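Owing to the predicted nature of the structure, the values given are computational and were not obtained by experimental measurement.
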Amino acid sequence: MSCPAAQKTHYAHPFDDDKLKEECGVFGVVGVTDAANFVALGLHALQHRGQEAGGIVAHDAKKGFNSAHRFGYVRDNFTKSSLMETLPGDIAIGHVRYSTAGSKGAVIRDIQPFFGEFSMGGAAVAHNGNLTNADALRRELIERGAIFQSSSDSECIIHLMARSIQRKHADRIADALRRVEGAFSIVAMTRTKLIGVRDPLGVRPLVMGRIGDNGYVLSSETCALDIIGAEFVREIDPGEMVVIQDGHIESSRPFGPSTGRFCIFEHVYFSRPDSIIGGRSVYETRRAIGVELAREAPVDADLVCPVPDSGTPAAIGYSQESGIPFALGITRNQYMGRTFIEPTEQIRNMGVRLKLNVNKSLIRGKRVILVDDSVVRGTTSRKIKDMILDAGAKEVHFRIASPPTAWPCFYGVDTPNRDKLLAARMTEEEMREWISVDSLKFISLGGLYRAVGEAEGRNDACPQYCDACFSGEYPITPSDQIEKGFEMKAAE
């Protein structure tokens, strides 16, 4: 199949603030008693994909549709029996979020899933991704009389469904999604049907599982299947729609033939290490990234230390390949929530130290290799370097398990503006000097492709993954951002 052209026109703590954030996670269940309880468990497993807020919509034959939307962690809201009793039924969907499109620090009406009452009955939609033509669609819909309730781009899908002339919910969803551009993995529900859809490039993940005799699950990641004891069935293909009802699955391709461009950063950072992507353990892929990094960027040192927790598998791989001992030189405080109060300037200036602490007896006098998953703004890297030096390290070398992040993502990742990305403003050597370490090396883009299983590396003529945050090659033109002045990379 030929390579598709780009689709036309289309923090609470300083440590977390210097990381790219996945926008959200989606989860749905049909064919089980008290489906909302299963959804709550699934969302808990997907909490790493969105910690700002969560929501669940459920349907019961007698009580109809019911919903609950709350700010904060799943465990603090959807474990209360008083709340879960208001969500009866054998079908439910849920969503956890960070805010990307829409306002930061959202209001309650921005929390998904979104619900709409249509002529053939109600339907709810949960969306992982970002629509790159949402601004234009929103203007058009408002001019035609639509009244928006939220600032989320995802609400466009509900309004487009309402304007479709199709008679079935699934056909209305397909109609709506043909109008949108960007990245979307959708989990939707009617009174009796669970529906899953991925965009034609399959940028964001979506998998299907089975539970019990007639129960089925849709989830952003396989780790959420494990928590409810569901059996993994398969990934939803790029451009595929599945409709699940009464234990039966119908599959269709509403967008025609497509070639996938899955987000490569899911392998590097977003997905949980115990998830499976493309039949391969995320943990094993990250370990392989460390192996490749050790081959590309060796250095004489005494210890290989991960920046917890996301740098750990790559650090293990680097240690195994290099023969340099692995050590937990930095300990993460697992019990400090994102809502930790920082009442004074002195406390705020502690920054990373509130969340990370160095094992001084281990680090003192050593040449240390620090392995991290990425460098975004670089501010955290500088603070961690200072901590390691303060602990008495002889040398500090950074090894980064992804290429330089030089371009923003518009497909569902909370990325700073390009002028805030360190790699967009500096060469690798300039970054090394700015962070002030003895050496700084990133894995090459080709090396990353090899580590994720592409033996021949990246096919530059037709890349196997979406790697726009590294390469600046956007498979879907971000038309809303271009309208606002964003300049895409010039063709080489």
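By the 4.5 Å heavy-atom criterion applied to side chains, Asn214 and Val30 are not counted as neighbours. Put simply, the side chain of Val217 does not reach to within 4.5 Å of the side chain of Arg210, judged on heavy atoms. Contact of the Ile289 side chain with the Leu448 side chain is registered, since non-hydrogen atoms from C-beta on lie closer than 4.5 Å. When side chains are defined from C-beta on, Cys24 does not count as touching His127, because their heavy atoms never get closer than 4.5 Å. Proximity of Ser164 to Arg178: side-chain heavy atoms (C-beta onward) are nowhere separated by under 4.5 Å. Inter-residue side-chain proximity for Trp407 and Lys489 is flagged as met; some heavy-atom pair is nearer than 4.5 Å. Using a 4.5 Å heavy-atom threshold, the side chains of Ile482 and Thr477 count as touching. Under the 4.5 Å side-chain criterion, counting only non-hydrogen atoms from C-beta, Leu137 is in contact with Leu160.
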Worked verdict on Phe470 versus Phe265 for ring pair (Phe, Tyr, Trp, His ring centres under 6.0 Å):
CA-CA 10 Å; Phe470 306 132; Phe265 214 80; 5.7 Å; yes
Start with the C-alpha gap between Leu218 and Val242, add the side-chain angles, then the distance that decides, and say whether side-chain contact (heavy atoms from CB on, under 4.5 Å) holds.
CA-CA 10 Å; Leu218 294 172; Val242 294; 4.2 Å; yes
Stepwise side-chain contact (heavy atoms from CB on, under 4.5 Å) test for Met161 and Cys156
CA-CA 9 Å; Met161 287 175 61; Cys156 289; over 6 Å; no
The test is salt bridge (Lys or Arg N to Asp or Glu O under 4.0 Å); show your working for Glu52 and Arg97 and say whether it passes.
CA-CA 6 Å; Glu52 181 181 79; Arg97 67 163 286 173; 3.1 Å; yes
Give the intermediate values and the outcome of side-chain contact (heavy atoms from CB on, under 4.5 Å) for residues Ile173 and Val197.
CA-CA 9 Å; Ile173 292 174; Val197 197; 4.2 Å; yes
Using the rule given for salt bridge (Lys or Arg N to Asp or Glu O under 4.0 Å), can you reason through Arg144 versus Glu140, listing the C-alpha separation, both sets of side-chain angles and the distance that settles it, and then say yes or no?
CA-CA 6 Å; Arg144 293 170 60 187; Glu140 174 191 329; 3.0 Å; yes
Report the C-alpha separation of Arg138 and Asp153 in whole Å, then their side-chain angles, then the decisive distance to 0.1 Å, and conclude whether the salt bridge (Lys or Arg N to Asp or Glu O under 4.0 Å) test is met.
CA-CA 8 Å; Arg138 193 182 188 96; Asp153 63 328; over 6 Å; no
side-chain contact (heavy atoms from CB on, under 4.5 Å) for Val207 and Ile236? Distances and angles first, verdict last.
CA-CA 5 Å; Val207 302; Ile236 306 304; over 6 Å; no
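Heavy atoms only, all atoms of each residue included: Ala423 and Pro404 are closest at CB-CB, 3.5 Å. The two residues Ile400 and Ser374 make their nearest non-hydrogen contact at CG2-CA, 3.5 Å. When all heavy atoms are compared, the tightest approach of Ala174 to Phe255 is O-CE2, 4.4 Å. Considering every non-hydrogen atom in both Arg280 and Val452, the closest pair reads NH1-C, 3.2 Å. Ala406 and Leu421 get closest at one heavy-atom pair: C-CD1, 3.7 Å. Annotation for Glu473 and Pro463: closest pair OE1-CG, 4.0 Å, computed over non-hydrogen atoms.
The distance from atom CG of Asn130 to atom CD of Gln481, rounded to the nearest 0.5 Å, is 8.5 Å. Note that CD of Glu240 is 11.0 Å distant from CD of Glu235, once rounded to the nearest 0.5 Å. Distance CD1/Ile56 to NE2/His69: 9.5 Å, rounded to 0.5 Å. The structure places OG of Ser471 at 14.5 Å from OH of Tyr465, a figure rounded to the nearest 0.5 Å. To the nearest 0.5 Å, atoms CZ (Arg377) and OG1 (Thr405) are separated by 11.5 Å. We find the CG-OG distance between Asp199 and Ser258 to be 8.5 Å, quoted to the nearest 0.5 Å.
The pair Arg418-Glu487 does not count as a salt bridge, with every side-chain nitrogen at least 4.0 angstrom from each carboxylate oxygen. Between Lys80 and Glu85 there is no salt bridge, since none of the side-chain N atoms of the basic residue sits less than 4.0 Å from a carboxylate O of the acidic one. Between Arg450 and Glu456, no side-chain nitrogen of the basic residue sits less than 4.0 Å from a carboxylate oxygen of the acidic one, so the salt-bridge criterion is not met. Look at Arg272 and Glu266 and you find no salt bridge, because none of the NZ, NE, NH1 or NH2 atoms lies under 4.0 Å from a carboxylate O. Ion pair Glu292/Arg287 not flagged as a salt bridge, since none of the NZ, NE, NH1 or NH2 atoms sits closer than 4.0 Å to an Asp/Glu carboxylate oxygen. By the 4.0 Å N-to-carboxylate-O rule, Asp175 lies too far from Arg163 to be salt-bridged with it. The pair Asp460-Arg458 meets the salt-bridge criterion, with a side-chain N (NZ, NE, NH1 or NH2) lying under 4.0 Å from an Asp/Glu carboxylate O. A salt bridge does not link Glu250 to Lys193: none of the charged side-chain nitrogens sits closer than 4.0 Å to a carboxylate oxygen. A salt bridge is absent between Asp373 and Arg286; no separation between the charged side-chain nitrogens and carboxylate oxygens falls under 4.0 Å.
The six-membered or imidazole ring of Phe38 lies away from that of Phe27, with a centre-to-centre distance of 6.0 Å or more.
When only modelled atom types and interatomic distance are considered, Tyr449 and Asn459 share no side-chain donor-acceptor pair under 3.5 Å. Side chains of Gln51 and Tyr73: a donor-acceptor N/O pair is present below 3.5 angstrom, by distance only. Side chains of Ser152 and Asp110: no donor on one and acceptor on the other come within 3.5 Å.
Within a 6.0 Å sphere centred on CZ of Arg234, other residues, nucleotides and ligands contribute more than 12 heavy atoms. The number of heavy-atom neighbours closer than 6.0 Å to CZ of Arg109, taken from other residues, nucleotides and ligands shown, is 12 or below. The environment of CG in Asp419 is crowded: more than 12 heavy-atom neighbours from other residues, nucleotides or ligands sit within 6.0 Å. Atom CZ of Arg191 has 12 or fewer heavy atoms from other residues, nucleotides or ligands within 6.0 Å. Heavy-atom neighbours of Gln166 CD from other residues, nucleotides or ligands within 6.0 Å: above the threshold of 12.
A donor-acceptor contact shorter than 3.5 Å links the side chain of Ser281 to the backbone of Glu284. Remark: the backbone N or O of Gly121 is paired with a side-chain donor or acceptor of His169 at under 3.5 angstrom. In this structure a side-chain-to-backbone donor-acceptor pair under 3.5 Å is missing from Asn66 to Pro88. Checked by atom type and distance alone, the side chain of Asp480 pairs as donor or acceptor with a backbone atom of Asp135 at under 3.5 Å. Here the side chain of Thr79 pairs a donor or acceptor atom with the backbone of Arg75 at under 3.5 angstrom. Using a distance-only test at 3.5 Å, with no hydrogens or angles considered, no donor-acceptor pair links the side chain of Ser310 to the main chain of Tyr269.
Partner His95 forms a side chain to side chain contact (heavy atoms under 4.5 Å, CB included) with one of Pro113, Ser154, Ser220 and no other, that one being Pro113.
Using a 30° and 60° split on the angle between ring planes, Phe148 and His159 fall in the tilted class, from 30° to 60°. Under the 30°/60° scheme for interplanar angles, the aromatic rings of Phe115 and Phe65 are found to be tilted.
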